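Here is the structure we will look at, set down as structure tokens.
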Amino acid sequence: MNNMSPEVALHRISPELRPLLCSVVRNGRVGLDSTNCLRVTDLKTGCTSLTAGPCCDRFKLHIPYAGQTLKWDIIFNARYPALPPDFIFGEDTEFLPEPSELPHLVQWDAGNPECLLQLVKELIQQYHLYQCQRLRESSRLLFEYDSLLEDPSYSRNMEIYAGLKNSWTGEFSARFLLKLPVDFSNIPVYLLKDTALDPGEDVALLSVSFEDAEATQVFPKLYLSPSIEHALGGSSALHIPAFPSGGCLIDYVPQVCQLLTNKVQYVIQGYHKRREYIAAFLSHFGMGVVEYDAEGFTKLTLLLMWKDFCFLVHVDLPLYFPRDQPTLTFQSVYHFTSSGQLYSQVQTSYPYSPRWDGNEMAKRAKVYFKNFIPQFQEGAFANGKL
Amino acid sequence: MIGPFTGLFHAARDPPRTQSAFMSQNTLRRKSVPATARDSGIDRDVFIMAASISGYTFSSVCYHSANSNSDHEGFLLGEVRQEETVSISDAQISSSEFVQIVEIHNHEPCAQLFSFYDYAGKINEENLNNVLKDRRKNVIGWYRFRRNTQQQMSFREQIIHKQLTQLLGVPDLVFLLFSFISTANSSTHALEYVLFRPNRSRYNQRIQLSIPNLGNTSQQEYKVSSVPNTSLNYAKVIKEHGAEFFDKDGVMKDIRTIFQVYGALQDKVQAVCGDVEQSERVKEKLQEDVNQVKQQIALRKRKTEEDRRLQESQIVDSTSTPEVSTKPSETSFMSRITFQTPSAPERPSTSPNPPSYTDLLSQGDNLLSSSSTPTNAALLPRPQAVGSPGHPTPVSLATGLSLGMPLSLGANPVNTPITPYLGNGDGSSSDSLDRQAAGQEDDDEDEDSSEYENLVSEGARLPLVPASALAQGRPAALGPDGDARGSQTT
């Protein structure tokens with residue numbers, strides 16, 4: 001019953017209800033975390049067991065919200081597909097939205113395939129309001145919420161889950177999930193292409209968990225959509241600062257935003273820098289260029305000759321170029337190592353400064369080649385065989 | 001008597017009080033109060049709520065539900081009442097406990113979903129009245145049936161419940177949720193039902209619903225429900241055909257017939273008792289005779305032995321050889337012989353009761369009228385059953401006596417007339433009962449354990465047996481049908 005693929009669910013549901021479910025499982029993205037789509041499990045029927053054919057009309061919908069997953073039961077009646085559904089809100093027994101706030105329920109139109117999805121969205125909104133109400137139990141957290149609410153860049157993109165009070169310790173916990181207003185649009189496309197997953201929308205979410213009402217234990221966490229994560233160099237590359245004790249979200253969140261923005265800027269800059277670098281090398285070495293990465297500008301291969309000694313130079317430009325130095329790999333075209341590879345030497349430390357521009361780097365690189373090649377040649381003759 | 005649930009429109013009636021008997025140190029006083037909207041149970045601290053549904057209502061709801069091809073809903077009709085139990089004990093002056101009892105008598109199924117509410121869950125009062133018609137004031141709750149869902153109130157159900165509470169004016173409206181779960185291969189189906197009272201705090205919402213007489217009735221009593229029977233047809237038919245089953249006193253005719261059979265059986269048993277008693281007496285007499293003869297034999301033996309000893313001692317004296325060693329043995333032997341005698345008469349190995357019969361016989365001989373049957377002593381108890389044909393209870397002698405129970409002789413006034421038992425042996429009982437009833441009131445009142453002592457002290461008297469009885473003497477053997485075989489004269 002679990003991990004049911006959408007196709008299976010659609011196959012088993014009653015035909016009249018199929019369009020409604022279709023829009024939910026195929027396109028349904030609700031809430032901030034749009035990387036996880038809505039999942040359907042526990043498909044059951046409300047008809048007698050003698051009823052033939054696909055007749056399932058009730059199921060559990062898994063909705064990601066504020067870092068949790070809400071499991072709501074949705075109950076239709078296959079024999080009366082025109083009627084609106086009923087809901088059981090899982091463990092949130094006290095959540096009772098006002099029907100007048102749910103226009104898609106009041107004017108339920110079974111002929112509109114989007115109706116159920118819209119209704120679920122409206123319910124999520126009401127749920128969010130309900131959770132915000134629950135924040136009133138803690139004045140500290142309520143303050144956090146109100147302060148964020150005032151800032152328009154955050155107020156629209158907030159999901160709050162106010163946890164159940166722990167009856168043993170009387171503790172109250174809450175989780176804020178915020179969508180950070182960082183612009184990812186300038187990230188070069190190539191960086192976003194390499195992921196195997198469906199990239200979806202590029203989004204950065206900051207989740208801050210308050211384990212107690214006095215905000216003494218706060219655990220922030222940053223979630224990035226896979227493409228962004230890849231573009232920024234993987235999850236290890238990003239470290240957000242710890243939440244300052246006694247600090248508040250309205251100060252902390254912009255900090256994180258800034259950090260992220262800087263990183264993005266850096267990446268964008270790096271791209272341009274690399275391009276500049278490659279362009280400079282192209283112009284300096286001209287015909288010596290064998291190949292280069294014309295999309296990401298991360299690699300460059302040169303074939304050079306010095307005193308009748310031909311050699312290859314592979315240049316690997318790191319992600320955080322020019323902060324990080326490019327790697328130079330010298331490779332002989334004549335000599336082999338014992339393992340059958342071409343004899344090569346890697347050089348990671350050579351005269352370099354990130355403040356040079358592309359031209360300067362190309363010039364200096366040339367100088368370095370001239371100095372280094374005799375050494376390399378000797379090494380090649382000594383260690384390699386023809 | 002408890003009135004039906006009254007809504008806003010009627011005032012509460014003054015309830016009757018029932019007093020139960022004084023039991024140990026607690027006095028219980030039950031006061032039944034019909035629950036009205038004004039007298040909301042929430043004001044008083046109602047601790048416990050108990051609910052019950054009659055078996056046929058439950059099965060009817062299940063039937064309607066199981067046959068519907070979708071979710072199903074309807075209303076529950078019945079009554080709610082509060083019971084206050086006041087208990088007074090030595091520990092505290094008084095403590096009262098309130099119990100609210102919900103009884104579901106009937107149900108009103110809705111023909112379709114959304115019949116009285118719209119998509120937003122708002123109730124249309126007109127439609128509601130169309131569904132309920134004139135039974136609106138009897139509504140105490142509503143129910144819903146849905147397959148393969150959780151046992152939890154849903155969003156729309158909660159909204160509707162709130163509105164119904166308001167509209168119907170029932171503060172503690174209950175909600176019965178049926179859920180039908182089937183296994184994947186349809187091999188097992190389970191019908192689960194939970195009764196909620198959602199208007200209470202959320203921690204105490206489920207109430208146990210009991211269905212009387214559903215269960216192992218061989219170990220429990222069959223409970224009659226308090227559902228009022230308002231069927232006119234039923235009353236009419238019963239009135240018409242009742243005469244075939246009930247006699248003029250309102251007692252069922254079958255009961256009388258059964259009691260007649262019972263009476264006949266009792267008569268037979270009485271007769272057999274008489275025979276057994278007779279034969280026991282005869283046996284006792286014979287036993288006594290045997291003992292007497294044994295005594296005489298022993299006496300003669302002793303005499304001959306003594307004579308022999310005397311002769312021997314004379315001979316020994318003449319030879320003058322004192323044998324000291326043998327003397328103690330002789331004396332002991334003699335003492336043994338002498339000690340033996342007082343132990344006679346031997347008690348027979350039969351029960352210690354026979355002396356009572358002989359005693360009674362001696363008494364009875366004095367008191368008997370000219371009847372030739374000395375079989376009055378062993379009169380059986382004749383328990384009086386309810387509804388038996390109006391004969392008075394033969395108390396006293398009958399209750400005091402059984403076959404094995406001795407009678408206290410000392411307490412018995414000798415002059416009390418004891419009418420003899422003249423059983424016909426053919427089953428008619430009325431005459432014998434009448435006879436037994438006369439004047440036997442005071443015989444068993446002084447009965448106590450001292451009667452046994454009386455017996456022991458008086459056991460030695462052995463009256464003479466009438467020659468006629470001895471001549472017949474053969475102990476009666478009881479046959480399988482309880483009749484005493486062997487010749488007997490009555």
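In what follows, every chain begins at residue 1, and chains take the letters A, B, ... in the order their sequences are listed. These numbers come from a predicted model, not from an experiment.
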Measuring heavy-atom distances to chain B, does [X] have an atom under 4.5 Å in its side chain, in its backbone, in both, or in neither?
X      : result
A:T45  : both
A:D73  : side chain
A:L105 : both
A:T48  : both
A:P85  : backbone
A:F87  : both
A:L50  : neither

Who wins among B:S68, B:G121, B:S154 for the most heavy-atom pairs under 4.5 Å with chain A?
B:S154

Selection from B:Q150, B:R147, B:Q158 maximising heavy-atom pairs under 4.5 Å formed with chain A
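Looking at each of B:Q150, B:R147, B:Q158 in turn, B:R147 comes out on top.
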
Neighbour count above 12 (heavy atom, 6.0 Å) for A:H11 NE2
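It does not: A:H11 NE2 has 12 such atoms or fewer within range.
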
Looking at [Y] and [X], is any side-chain nitrogen of the basic one under 4.0 Å from a carboxylate oxygen of the acidic one?
X      : Y      : result
B:R156 : B:D71  : no
A:R26  : A:E7   : yes
A:E114 : A:K121 : no

Proximal component of B:T149, with respect to chain A [non-hydrogen, under 4.5 Å]
side chain

Would A:Q118 and A:H104 count as having a side-chain donor-acceptor pair, cut-off 3.5 Å?
no

Testing the 3.5 Å rule here: is there a donor-acceptor pair between the side chains of A:Y130 and A:Q126?
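No, because no side-chain N or O of A:Y130 sits under 3.5 Å from a partner of the opposite role on A:Q126.
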
Checking salt bridge (Lys or Arg N to Asp or Glu O under 4.0 Å) for the pair B:E103/B:R81: CA distance, chi angles, key distance, verdict?
CA-CA 8 Å; B:E103 282 192 0; B:R81 63 178 193 273; 3.3 Å; yes

